Amino acid sequence: MPELPEVEVVRAGLAPVVAGSVVTGVTVLDERSLKRHRGPSVDFVDRLVGGTLDSAVRRGKFLWFPFEPAERHDHPLALVAHLGMSGQVLLRSSDHPADRLMRIRLDVDSPSLGRVRLAFVDQRIFGSMALDETVPTPDGRPAGYAGTHLLGSPEAAAEGEAGAAAAAAPSASAPAAPAWALRVPQQVAHIARDPLDPAFDESAVVTRLLARRTGVKRALLDQGLLSGVGNIYADESLWAARVHPEQPTEALSRARARLLLSEVRAVLLKALGEGGTSFDAQYVNVNGQSGYFSHSLAAYGQQGRPCPRCGTAIVREAFMNRSSHLCPRCQRVRTA
DNA sequence: CACACACCCTGTTTGC
DNA sequence: TGCAAACAGGGTGTGT
């Protein structure tokens with residue numbers, strides 16, 4: 001369930017459940033789903049059981065749960081989850097029958113729901129979980145999004161879930177961010193902030209984007225430049241900004257680069273508001289439900305259908321073993 | 001350093 | 001109907 005909106009849907013669904021949850025049992029059904037974990041699965045299991053999950057945090061497509069071990073550890077830890085191409089985290093009752101492609105099972109005792117199960121389900125096993133050490137954020141800002149007012153009113157945020165302080169704008173009356181909010185898992189440290197992060201530095205990203213010598217879509221997909229954008233939302237943002245995916249970054253104007261980033265943000269927020277994009281049962285929230293953004297797609301998967309802006313048929317082109325979808329009339333390579 | 005590409009996997013859908 | 005090929009929203013490591 002890969003791109004930013006889909007991962008955020010999962011994070012938001014898990015946050016109220018995991019906050020303060022004690023891990024009572026861990027079962028690894030497929031070792032390959034621990035490929036990001038350094039050490040054997042017995043180590044993963046032993047260190048998790050008895051510890052407490054503090055919250056659910058997301059940066060781009062990475063999700064993690066700040067973790068307090070049962071026994072003191074030198075560095076604060078985090079349970080990291082990356083969904084890859086086909087991962088899901090499903091919230092199940094403790095006696096729920098095993099999901100078909102479940103790879104890891106976490107049983108927790110949650111303050112809000114009691115004994116529940118987090119099922120990590122992943123068809124292709126490009127995703128994984130890991131218990132990882134954390135490091136302080138270099139800029140001292142919150143490491144990621146832990147749930148506030150991305151959507152809805154500030155009032156809705158105020159009644160909020162545990163850990164709401166993580167992404168809150170600093171103000172005189174705001175409580176200090178908890179320690180976990182300022183630490184990022186080691187394996188996530190190289191991932192850039194995403195465009196919905198309050199600490200996202202738009203002008204710096206524009207400058208770096210224009211300094212690239214590549215096609216603009218490749219740059220948008222580079223998680224070290226900005227995170228959270230994958231193939232769907234890259235195509236949708238490029239369509240909205242009328243930029244060709246192979247547009248050379250060096251021939252992009254600064255104004256159009258800014259427009260593109262603002263369209264990225266708009267597309268991500270709209271998709272989030274519709275619960276993410278689902279084409280099938282593969283991309284679902286923690287309760288197994290699909291989002292609705294697939295009905296709003298203008299370009300992705302729309303080859304042969306009319307461009308919503310000009311009516312020209314959307315085309316699909318090969319791109320890095322995948323596809324790009326674009327309007328050949330609205331989106332042309334610009335040379336200056 | 002920045003970039004392009006191969007690779008990691010399995011289940012479902014498509015086409016012959 | 002059966003089978004093979006094509007396809008899928010990801011990140012990482014390696015080579016240039």
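Small disclaimer: the values here were computed from a predicted structure and weren't measured. Every chain is numbered from 1, with letters handed out A, B, ... down the list of sequences.
- Residue A:R36 has a polar side-chain atom (N or O) positioned under 4.0 Å from OP1 or OP2 of C:dT12.
- Nearest to the side-chain atoms of A:H190 among the listed nucleotides C:dG9, C:dT12, B:dG11 stands C:dT12.
- Under 4.0 angstrom from either OP1 or OP2 of B:dT10 there lies no side-chain N or O belonging to A:R103.
- Look at A:Q123 and you won't find any side-chain N or O under 4.0 angstrom from OP1 or OP2 of B:dG11.
- The interatomic distance linking A:D122 (CG) with C:dG9 (C1') rounds to 12 Å, in whole Å.
- Rounded to whole Å, atom P of C:dG9 lies 11 Å from atom CG of A:D280.
- Using a 4.0 Å heavy-atom criterion, one finds that A:R208 contacts no nucleic acid atom at all.
- Between A:S323 and C:dG9 there is no side-chain N or O to OP1 or OP2 distance below 4.0 Å.
- Side-chain atoms of A:F126 lie closest to B:dC9 of the nucleotides B:dA6, B:dC9, C:dG9.
- Note on A:Y233: nothing from the nucleic acid sits closer than 4.0 angstrom, heavy atoms only.
- Dashed line: the shortest gap from a side-chain N or O of A:R124 to OP1 or OP2 of B:dG11 is not under 4.0 Å.
- Nucleotides C:dT12 and B:dG11 place their C1' atoms 23 Å apart, quoted to the nearest Å.
- OP1 or OP2 of B:dA2 has not a single side-chain nitrogen or oxygen of A:R218 nearer than 4.0 Å.
- At a threshold of 4.0 angstrom between heavy atoms, the contacts of A:K61 are confined to the sugar-phosphate backbone, with no base atom among them.
- Distances shorter than 4.0 Å separate none of the side-chain N or O atoms of A:S86 from OP1 or OP2 on B:dG11.
- Ring geometry for A:Y300 against A:F279 counts as parallel: the plane angle stays under 30°, on a 0 to 90° scale with 60° as the upper cut.
- Here the nucleotide nearest the side chain of A:M85, chosen from B:dA4, C:dA8, B:dG11, is C:dA8.
- A:R212 has a side-chain polar atom (N or O) that falls below the 4.0 Å cut-off from OP1 or OP2 of B:dC3.
- Of the side-chain N and O atoms in A:R316, one or more sit less than 4.0 angstrom from OP1 or OP2 of C:dA8.
- Across B:dG11, C:dA8, B:dC9, the shortest atom-to-atom separation from the side chain of A:R32 is found for B:dC9.
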